[in-house]
Amino acid sequence: MRAMKQLDPKPEILARRGEIIAGLLRILPKRAVIAEAVSLKPYETDALTAYRQVPLAVVLPEDEGQVVDILKFCAAEGVRVIPRGAGTSLSGGALPLADSVVVGLMRMNRILEVNYPDRYAVVQPGVTNIGITRAVADAGYFYAPDPSSQLACMVGGNVGMNSGGAHCLKYGVTANNLLGLRLVTMAGEVLELGGTHCDAAGYDWLGLVTGSEGQLGILTEVTVRILRAPEGARAMLAGFASNEVAGECVAAIIASGIIPVALEFMDRPAIHACEAFAHAGYPLEAQALLIIEVEGSEDEQDATLRRLREICERFAPVSMRVARTDEESAAIWKGRKGAFGAVGRISPDYLCMDGVIPTSRLGEVLRRIEEMSEDYGLKVANIFHAGDGNLHPLIMYDANEPSSFARAERFGAEILTLCVEAGGCLTGEHGVGVEKRELMRVQFSPGELEQMRAVKDVFDPHWLLNPAKVFPL
Amino acid sequence: MTPRDEEELAAMVRAAAGPLRVQGGGTKADMLRPVRAAAVLSTAAMSGITLYSPSELVLRARAGTRLAEIESVLAAHGQQIIAEPPRFFGPAQTIGGVVASNISGPRRIGGGAMRDHVLGVRAVNGSGEILNFGGRVLKNVTGLDLAKLLTGSFGTLAVMTEVTLKVLPAAEAVGTVVVPAADARAAVEVMAAGLGSPFSVSGAAYLPRDARAYLRIEDFAESVAYRCAKLAGGVAGAEILGGEESKALWAGIRDCAALPPGEAVWRVSVRPSAGPGVLRDVAFAGVSGFMDWGGGLLWLSGPATRAAHEAVCAAARGGAGVWWLMRGPEALRAAVEVIPPEAPALAALRRRMTAKFDPRGIFNPLKMWAA
């Protein structure tokens, strides 16, 4: 089933497995080292479950000092290192290599400081995304990036992948919500990047490290901005007769000067899958559905929703529903939030793509995906952050049928190539990981890739950190 | 040298025999360290907006395009550059220079910095290779974010030839809540309350000479009226300024109109609650200024002396923050640390990084650091 070539393990490392584990046990408490086959098994994959590889060992450091010791040891021994948060990567960002040590950060899960007057929180990388918001919600605050996996995914992984979410049209992605990081390099040096203030003097190391997919170092501390929550929020939905018309409606909303806090798009297969699963009352006669959320006081919500209604009405909606209460908003969101589960219910397996396109190309890109779907004989449902052009086609396949996964991967690659050709990019929020590594050549020239590799060299000259990810082999 | 296009620029870089002063309009030549170079490489002749799609919130322009031109085109479509770059540097500022310096105005506190809205950068590295990082879409995590690395690098890594920005609709209305503040500490409390409110305050500044703190709301007219009233409600002496007065006030704050005259100008960024301490700690050296970003940004001016500079550095350090020497005579800028020195490990990393982009060390040598 594995379609993609992997990096060969170093035989001299595999041969010295016992010695390396003994070395790790010398620098770490026994509870921090996992070497038994049965205990290593859960670390063989992440949320890109089609790829699996049991690592040499897993270590679970409990503080920065241990991370430093681990990296110094691995650097000295020439051992490859795979950083891991919660293992929710959809691009295989935490996929191990056979000769690698996985550094799991889940035990570094403390919130170190919350400062309301200066509106920041300092957390360890193993704190979950929702964990930050939960810690500050009583004071009326929240942490803005909200990836779908936010109940499980960890802040360290969010920084690694520069995660977004449904609300980043207004609040930005992870990079826009960070103030500082502590990063341990492969040489075991601790770098303090940024701080608790805005903007760096000197190079934007914070911006470079965010989204670097564990290529440059391992995080031990993250300082995030926390924001005061708005007075309230409410959603509406509108169904349209075609993807194109819904796309034009999105353009009209943006042109009107309204930036909704969320602007989600679902195509017909997604509407049907979600409705069957969640019974959210989605209009089954619609070819495309928009979910739009606005914020503010009750009156402000009413005023903005009135404007949005007027805009949607210009595009002959087949259905429109404006929530009057929180409960009605939740009902509108219910189907969208359960989308992955809903697709999982109608197909044994699926691949979740993450391309981005200029929003003006929406209609033609969705039309091409539909044609490809017929060519490959695989169904696809499209869910889409419409305001920012971030497409999430879910390609359905059956892992038990040998050719099905290979076809799904080719289909996915063709969609992402199409996204690049349309003026977009391979990934908006999931990262390149192992999944899109070879497609990097579609988006970047050899010179551009060489410049990126040179930056990786600066931090990790022997390429021990999360190798065989991001860059084509 | 003023190349007319990217290829010409790349050829000039390849042919360069020694260091180049890399600039757009040259308006930031008096900022940070002086660059000693036999030749000037300016992008000022590479001008023009190459893509503007208002409904996609994207604008792309050649590096030498003047900020003023871009802002007027955006304004004609009811849009704006989110980070509100100051016009402190005069009308010749180019978009390349604005991105290369990553200097943001009052809206930074809520809307983000220039660097948060740079979607893509085309640039020529020190080997004369034309490279394109990022793109034109609003979300992009493909590969290492070298567009962010180049943003704010003052032309020391590569020469930007074209930049792509996320833009946003300009708000329909603007209003300002004015609150009397006896001193900087009282002002920070007012600003923290505003920024900690659910009302999306888009500017929070304190001008000591007015003894007032200002909170800005930008949104649809009905929201501005409602939110200003909520913020002002129950606050002794609070007043509300309307649209035109607000616009003039915030343009002045953005462009540092309130900066007392002085020979040197600094910018300090600290966490907001540390702002008053900075103002207090520089006063003895004859340095004074005002606060933006809720107290987190200080624009300071004073005598162009080493003693005054050291006072600014010490105050910034005391607030766990950073400083930039924004303007000053060449002798001072050559003699002092114009931005904070890095920790040794980071400095070593930075030198290796510079060498990977500009192996001959020809781009703006020593503009940011003395070594």
Side-chain angles (χ1 to χ4, degrees), chain A residues 116-119 161-162 164 172-173 176 189 191-192 195-204 207-208 211-212 228-231 251 254-255 257 259 296-297 299-300 303 356-360 388-390 423-429 431-432 440 443-444 447-448 451-452 454-455 457-458 470, chain B residues 53-57 78 102 108 112-113 115-116 125 129 131-133 135-146 148-149 151-153 168-169 172 192 195-198 220 222-223 226 269-273 293 296 320-324 339-340 342-343 345-346 349-350 352-353 356 368:
Chain A
Y116 294 114
D118 290 321
R119 301 169 294 282
M161 292 304 191
N162 194 11
V173 295
N176 314 121
E189 287 170 326
L191 305 178
E192 281 185 66
T196 55
H197 57 275
C198 286
D199 292 358
Y203 293 164
D204 187 2
L208 176 66
S212 65
R228 178 67 195 266
E231 289 185 279
I254 302 286
I259 301 295
S297 68
D299 287 348
E300 289 178 291
V356 187
I357 55 167
T359 50
S360 62
D388 50 32
N390 193 181
C425 67
L426 297 173
T427 172
E429 55 187 5
V432 177
M440 287 289 278
Q443 190 174 329
F444 295 102
E448 287 154 8
Q451 189 70 68
M452 282 189 206
V455 170
D457 272 339
V458 167
V470 184
Chain B
S53 175
S55 72
E56 295 178 306
L57 307 176
N102 185 33
R108 197 264 175 263
R115 55 83 92 169
D116 291 304
N125 69 11
E129 295 170 307
L131 304 172
N132 181 27
F133 297 111
R136 57 154 294 190
V137 285
L138 303 191
K139 272 167 94 182
N140 186 348
V141 297
T142 321
L144 297 178
D145 194 348
L146 301 194
K148 276 220 174 55
L149 183 65
T151 302
S153 67
L168 276 184
E172 178 186 275
L195 291 165
S197 77
F220 288 108
E222 61 264 42
S223 279
Y226 165 74
S269 177
V270 291
R271 58 177 190 276
S273 61
W293 300 358
V322 295
W323 67 84
W324 296 261
I339 58 174
E342 303 138 312
L346 197 59
L349 207 66
R350 183 257 302 167
R352 294 204 298 275
M353 184 69 82
K356 294 285 188 184
M368 302 176 80

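We name chains A, B, ... by the order of the sequence lines, and we start the count at 1 in each one.
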Enquirer: If you look at every heavy atom in Val141(B) and Gly431(A), which pair is closest and at what distance?
Expert: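 Scanning both residues completely, I find the closest heavy atoms to be CG2-N, 3.6 Å.
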Enquirer: Side chain from CB out, backbone as N, CA, C, O: work out which of these in Ala229(A) comes under 4.5 Å of a heavy atom of chain B, or both, or neither.
Expert: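 Interface part for Ala229(A): backbone (N, CA, C, O).
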Enquirer: Looking at Asp204(A) and Arg115(B), is there a salt bridge between them, counting it only when a charged N and a carboxylate O are closer than 4.0 Å?
Expert: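 Yes, this pair counts.
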Enquirer: Quick one: what part of Pro272(B) sits under 4.5 Å from any heavy atom of chain A, side chain, backbone, both or neither?
Expert: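 Both parts, backbone and side chain.
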Enquirer: Measuring from atom SG of Cys425(A) to atom NZ of Lys139(B), what distance do you get when rounded to the nearest 0.5 angstrom?
Expert: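 Rounded to the nearest 0.5 Å, the SG-NZ separation comes to 10.0 Å.
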Enquirer: Between Tyr203(A) and Met368(B), is any pair of side-chain heavy atoms under 4.5 Å apart?
Expert: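 Yes, close enough: below the 4.5 Å cut-off.
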Enquirer: Heavy-atom distance under 4.5 Å to chain B: side chain of Gln443(A), backbone, both or neither?
Expert: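 Side chain only.
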Enquirer: Examine whether an atom of Ser53(B) lies under 4.5 Å from a heavy atom of chain A, and if so say whether it belongs to the side chain, the backbone or both; otherwise answer neither.
Expert: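 Ser53(B) has no heavy atom closer than 4.5 Å to chain A.
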Enquirer: Give the member of Gly423(A), Cys198(A), Gly164(A) that has the highest number of heavy-atom pairs under 4.5 Å with chain B.
Expert: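 The answer is Cys198(A).
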Enquirer: Under a 4.5 Å heavy-atom cutoff, which of Ser197(B), Ala320(B), Pro54(B) has the most pairs with chain A?
Expert: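 It is Ser197(B).
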Enquirer: Given that the side chain runs from C-beta out, which part of Glu56(B) has a heavy atom under 4.5 Å from chain A: side chain, backbone, both or neither?
Expert: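 Contact with chain A: backbone and side chain both.
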Enquirer: Pick whichever of Leu57(B), Leu146(B), Val270(B), Asn125(B) has the most heavy-atom pairs under 4.5 Å with chain A.
Expert: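 Sorted descending by pairs with chain A, the first entry is Leu146(B).
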Enquirer: What residue, out of Pro358(A), Gly296(A), Ser212(A), has the most heavy-atom pairs lying under 4.5 Å from chain B?
Expert: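 Option with the top pair count is Pro358(A).
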Enquirer: Taking every non-hydrogen pair under 4.5 Å, which of Ile254(A), Val458(A), Val470(A) racks up the most with chain B?
Expert: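 Most heavy-atom pairs within the cutoff with chain B belong to Val458(A).
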Enquirer: Using modelled atom types only, decide if a donor and an acceptor are shared between the side chain of Gln451(A) and the backbone of Lys356(B) within a distance under 3.5 Å.
Expert: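 Side chain of Gln451(A) to backbone of Lys356(B), a donor-acceptor pair under 3.5 Å: yes, one is there.
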Enquirer: Minimum heavy-atom separation for Pro117(A) to Ala192(B), with atom names?
Expert: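 Where Pro117(A) meets Ala192(B) most closely, the heavy atoms are O-CB, 4.0 Å.
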Enquirer: Would Asn132(B) and Glu448(A) count as a side-chain hydrogen bond (donor to acceptor under 3.5 Å, both in side chains) if you check the C-alpha gap in whole Å, the side-chain angles of each, and the deciding distance to 0.1 Å?
Expert: CA-CA 7 Å; Asn132(B) 181 27; Glu448(A) 287 154 8; 4.9 Å; no
Enquirer: Which one, Ala255(A), Ser360(A), Gly172(A), Ala251(A), leads in non-hydrogen pairs under 4.5 Å with chain B?
Expert: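 Highest number of heavy-atom pairs under 4.5 Å: Ser360(A).
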Enquirer: Is there side-chain contact between Asn140(B) and Val356(A), with at least one heavy-atom pair below 4.5 Å?
Expert: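 The answer is no, as the side chains (C-beta and beyond) never meet within the 4.5 Å cut-off.
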Enquirer: Which heavy atom in Glu300(A) sits nearest to a heavy atom in Ser223(B), and how many Å separate them?
Expert: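 Residues Glu300(A) and Ser223(B), closest heavy atoms: OE2-OG, 2.6 Å.
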Enquirer: Please rank Val322(B), Leu144(B), Ile339(B), Leu138(B) by heavy-atom pairs under 4.5 Å with chain A and give me the top one.
Expert: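 Most heavy-atom pairs within the cutoff with chain A belong to Leu144(B).
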Enquirer: Under a 4.5 Å cut-off applied to non-hydrogen side-chain atoms, are Thr142(B) and Met440(A) in contact?
Expert: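 Touching, per the 4.5 Å side-chain cut-off.
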Enquirer: Tell me the closest heavy-atom pair linking Ser297(A) and Tyr226(B), and the distance in Å.
Expert: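 Nearest pair, atom of Ser297(A) first, then Tyr226(B): CB-OH, 3.3 Å.
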Enquirer: Rounded to the nearest 0.5 Å, what's the gap from CG on Asn162(A) to CG on Asp145(B)? Could you check?
Expert: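 Going from CG on Asn162(A) over to CG on Asp145(B), the span is 7.5 Å.
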Enquirer: Grab the two heavy atoms, one from Gly424(A) and one from Val137(B), that are nearest each other, plus how far apart they are.
Expert: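 It is CA-CG1, 3.8 Å.
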Enquirer: What's the spacing between Tyr116(A) OH and Leu195(B) CG if we round to 0.5 Å?
Expert: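 Going from the OH atom of Tyr116(A) to the CG atom of Leu195(B) covers 16.0 Å.
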Enquirer: First locate atom OG1 of Thr151(B), then atom CG of Leu208(A), and finally report the distance between them rounded to the nearest 0.5 Å.
Expert: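 Rounded to the nearest 0.5 Å, the OG1-CG separation comes to 11.5 Å.
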Enquirer: For the interface with chain A, which of Gly321(B), Gly112(B), Gly143(B) has the highest count of heavy-atom pairs at distances below 4.5 Å?
Expert: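 Among Gly321(B), Gly112(B), Gly143(B), the one with the most close pairs to chain A is Gly143(B).
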Enquirer: Is Glu189(A) in contact with chain B via its backbone, its side chain, both, or neither, using a 4.5 Å heavy-atom distance?
Expert: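 Just the side chain, heavy atoms under 4.5 Å.
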Enquirer: Is it the case that the side chains of Asp199(A) and Ser269(B) hold a donor-acceptor pair, with the cut-off being a distance below 3.5 Å and no angle test?
Expert: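 Note: Ser269(B) and Asp199(A) side chains miss the donor-acceptor criterion.
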Enquirer: When only pairs under 4.5 Å are counted, which of Gly202(A), Gly211(A), Ala303(A) shares the most heavy-atom pairs with chain B?
Expert: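 Heavy-atom pair counts peak at Gly202(A).
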Enquirer: Highest number of heavy-atom pairs under 4.5 Å with chain A: which of Ala343(B), Ala113(B), Gly196(B)?
Expert: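 Option with the greatest count: Gly196(B).
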Enquirer: With heavy-atom distances below 4.5 Å as the criterion, would you say the side chains of Ile259(A) and Pro169(B) are in contact?
Expert: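 Counting from C-beta outward, Ile259(A) and Pro169(B) do come under 4.5 Å.
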Enquirer: Ignoring hydrogens and geometry, is there a side-chain-to-backbone donor-acceptor pair from Arg271(B) to His197(A) under 3.5 Å?
Expert: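 Judged by distance alone, no pair lies under 3.5 Å.
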Enquirer: Which heavy atom of Leu191(A) sits nearest a heavy atom of Ala345(B), and at what distance?
Expert: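 It is CD2-CB, 3.8 Å.
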Enquirer: Among Glu222(B), Arg108(B), Glu129(B), Arg136(B), who wins on heavy-atom pairs under 4.5 Å with chain A?
Expert: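 Of the options given, most contacts go to Arg108(B).
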